[in-house]
Protein chains: 2
Amino acid sequence: MPSPLESSAATTAHANGGGAAGRLPPDVVPVALSVDLVLLTVREEQLQVLLVRRGIEPYRDRWALPGGFVRPGEDLAEAAVRELAEETGLRHPPAHLEQLATYGAPDRDPRGRVVTVAFLALAPQSRTPIAGTDAAASRWEPVSTAGGGSGLAFDHAAILADGLERARAKIEYSAVATAFCEGEFTVAELRRIYELVWSSRLDPRNFHRKVTGTADFLVPTGRFTTRDGGRPAELYRRGDATVLHPAMLRPVPRLP
Amino acid sequence: MPSPLESSAATTAHANGGGAAGRLPPDVVPVALSVDLVLLTVREEQLQVLLVRRGIEPYRDRWALPGGFVRPGEDLAEAAVRELAEETGLRHPPAHLEQLATYGAPDRDPRGRVVTVAFLALAPQSRTPIAGTDAAASRWEPVSTAGGGSGLAFDHAAILADGLERARAKIEYSAVATAFCEGEFTVAELRRIYELVWSSRLDPRNFHRKVTGTADFLVPTGRFTTRDGGRPAELYRRGDATVLHPAMLRPVPRLP
DNA sequence: CCGGTTTATCGTCATGTCGACGATAAAGAG
DNA sequence: CTCTTTATCGTCGACATGACGATAAACCGG
């Protein structure tokens with residue numbers, strides 16, 4: 001039995017006459033286009049990814065990355081933002097959203113030719129309350145356990161792995177790590193982000209020198225907090241810098 | 001008049017009954033999926049991009065990036081390699097091919113919803129003879145003149161710009177610049193690649209120190225050539241290294 | 001109130017890389 | 001043979017980095 005999308009290809013051929021705009025060739029294969037999201041946050045001292053439980057076949061009751069089909073007239077990033085809002089109850093757009101890659105292996109979806117554009121999103125914990133759908137249908141999962149057993153639907157384990165690698169590489173040479181932080185944060189909290197994303201330990205003194213020495217990375221507020229214990233730490237806000245130059249290189253990963 | 005792909009959406013709904021694999025929701029919009037290629041090479045002391053002249057509407061007789069529609073059962077990278085072979089007469093696959101990004105603005109193609117996955121390809125000059133189609137239908141164009149006037153079809157000027165930025169960034173921290181070189185080449189020839197891609201001048205002595213000092217970047221052959229004039233230069237071959245660490249940072253661009 | 005603990009922040013020092021540039025080597029051109 | 005061109009090796013100062021000492025400023029338990 002041909003898949004619905006393939007069978008509809010024949011109807012494509014004669015649906016439209018010529019004209020200045022031209023028409024699509026008759027043998028173009030229609031595909032279904034979806035977006036999937038690797039939404040990462042730092043919660044409970046761990047890097048976690050948002051997963052949803054599938055309610056329908058295929059892969060019913062399996063965990064998957066949040067996503068859905070692109071609607072007519074909708075741009076790709078627009079669809080990603082909409083899915084994010086629908087599946088997480090997110091009011092604000094995520095602090096960072098970028099296209100990751102497109103996955104189009106012919107057999108990646110048993111329903112037919114479905115090509116998905118994956119996006120990487122980073123958000124602070126508090127802005128992602130998962131209040132959208134019922135609690136059982138979506139949850140945060142530590143990345144250390146999410147991809148390994150490959151219990152994920154479709155090729156989502158591979159997409160997650162690519163998203164993680166992108167995030168780990170990107171905080172080296174860009175300032176996106178602050179996307180994990182709330183409005184005001186300390187240097188130590190930012191350092192914890194790096195440590196959890198990289199699974200490695202960083203020297204507090206060298207880290208402090210690096211981030212405070214990079215122009216426009218952090219904006220000091222002049223206020224202090226003791227919420228992390230010890231001597232009061234100054235609070236900072238995200239700066240305008242987008243790139244880190246020189247980069248902050250990650251050490252060889254050692255699991256704690 | 002609805003576009004052919006949109007009108008075919010209705011036929012999608014009832015084409016397939018249930019089953020373990022599930023079926024696509026009835027309101028999924030079918031899209032046409034294409035691949036487009038930013039194929040770069042260094043020719044005539046310039047960084048050049050391969051363009052093809054469109055023979056059909058829309059944008060008939062305008063220059064465009066080579067590309068075409070993905071066929072059934074074909075993976076994305078597979079389609080890119082096939083299009084490359086068809087439109088350039090290339091026997092070998094390109095020395096470097098990577099996915100660039102996906103472009104899916106709803107109105108990017110007047111014929112309907114066409115989403116394109118762009119690829120970046122780098123190749124040495126001699127391996128790309130453009131013997132495939134007739135000579136008038138495709139040509140090499142210096143990148144300095146290709147994107148500026150934006151005479152390119154569709155959103156190809158933006159795709160080209162993204163591809164150029166990707167190539168310029170990538171040779172900083174990876175070893176892909178050797179993809180522009182033939183089997184055996186001198187350090188000066190590789191340096192010329194960097195200079196032309198970056199539009200800047202590099203110090204021959206520091207460049208030599210950097211590339212010969214990076215492990216597995218270049219493999220010395222022990223043979224020499226004088227084809228560049230002056231003192232004989234040693235010939236090297238591509239090494240196994242894929243990343244450059246630390247990166248070779250590009251200076252601020254100054255046009256010669 | 002006081003010493004111990006915790007965390008923040010500042011400094012120091014050796015090392016490595018980089019940019020600028022001098023010096024020498026080895027070919028061809030005239 | 002000398003001049004020009006290019007290749008390759010060295011040197012030097014500026015700067016970023018990793019390792020780590022030292023001090024500051026809160027808290028806690030007594």
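Chain letters run A, B, ... following the sequence lines, proteins first, then strands; residues in each count from 1.
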Contacting residues from [range], given that a heavy atom lies under 4.0 angstrom of DNA chain D:
range                       : result
residues 203-214 of chain A : A:Asp203, A:Arg205, A:Asn206, A:Arg209, A:Lys210
residues 171-183 of chain B : none
residues 184-193 of chain B : B:Ala188, B:Arg191

Scan residues 153-164 of chain B for pairs that pass salt bridge (Lys or Arg N to Asp or Glu O under 4.0 Å), counting only residues two or more places apart or in two chains.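 Qualifying pairs: B:Arg108-B:Asp155.
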[X]/[Y] ion pair, N-O < 4.0 Å:
X        : Y        : value
B:Arg139 : B:Glu141 : yes
A:Arg82  : A:Glu78  : no
A:Arg223 : A:Glu184 : yes

Send over the distance from B:Leu202 CG to D:dT8 C1', rounded to a whole Å.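 Interatomic distance, CG of B:Leu202 to C1' of D:dT8: 17 Å.
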Check: residues 167-175 of chain B side-chain donor-acceptor pairs under 3.5 Å, at least two apart:
unit_1	atom_1	unit_2	atom_2	d
B:Arg168	NE	B:Val197	O	2.8
B:Lys170	NZ	B:Glu98	OE1	2.8
B:Glu172	OE2	B:Arg250	N	2.9
B:Ser174	OG	B:Lys170	O	2.8
B:Ser174	OG	B:Val176	N	3.4

For the backbone of [Y] and the side chain of [X], can you confirm whether one donor and one acceptor N or O come within less than 3.5 Å of each other?
X        : Y        : value
A:Thr225 : A:Arg227 : yes
A:Glu83  : A:Ala80  : no
B:Thr178 : B:Arg238 : no
A:His156 : A:Leu65  : yes
B:Thr41  : B:Gln125 : yes

Does the side chain of A:Val35 come within less than 4.5 Å of A:Phe119's, by heavy atoms?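 When only atoms from C-beta onward are counted, A:Val35 and A:Phe119 do touch, with a gap below 4.5 Å.
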So, B:Tyr236 versus B:Phe185, ring centres under 6.0 angstrom or not?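 Aromatic pair excluded; centres sit 6.0 Å or further apart.
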Taking for each residue the nucleotide of DNA chain C bearing the nearest heavy atom, is the 5' side occupied by A:Phe224 or by B:Met248?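 The residue whose closest nucleotide sits nearer the 5' end is A:Phe224.
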Scan side-chain atoms only and decide if A:Glu234 and A:Thr221 contain a donor-acceptor pair under the 3.5 Å cut-off.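 The answer is no; no qualifying pair exists.
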Where along residues 227-240 of chain B does a heavy atom come under 4.0 Å from DNA chain C, residue by residue in number order?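 The stretch gives B:Gly230, B:Arg231, B:Pro232 as the residues lying under 4.0 Å from the strand, ordered by number.
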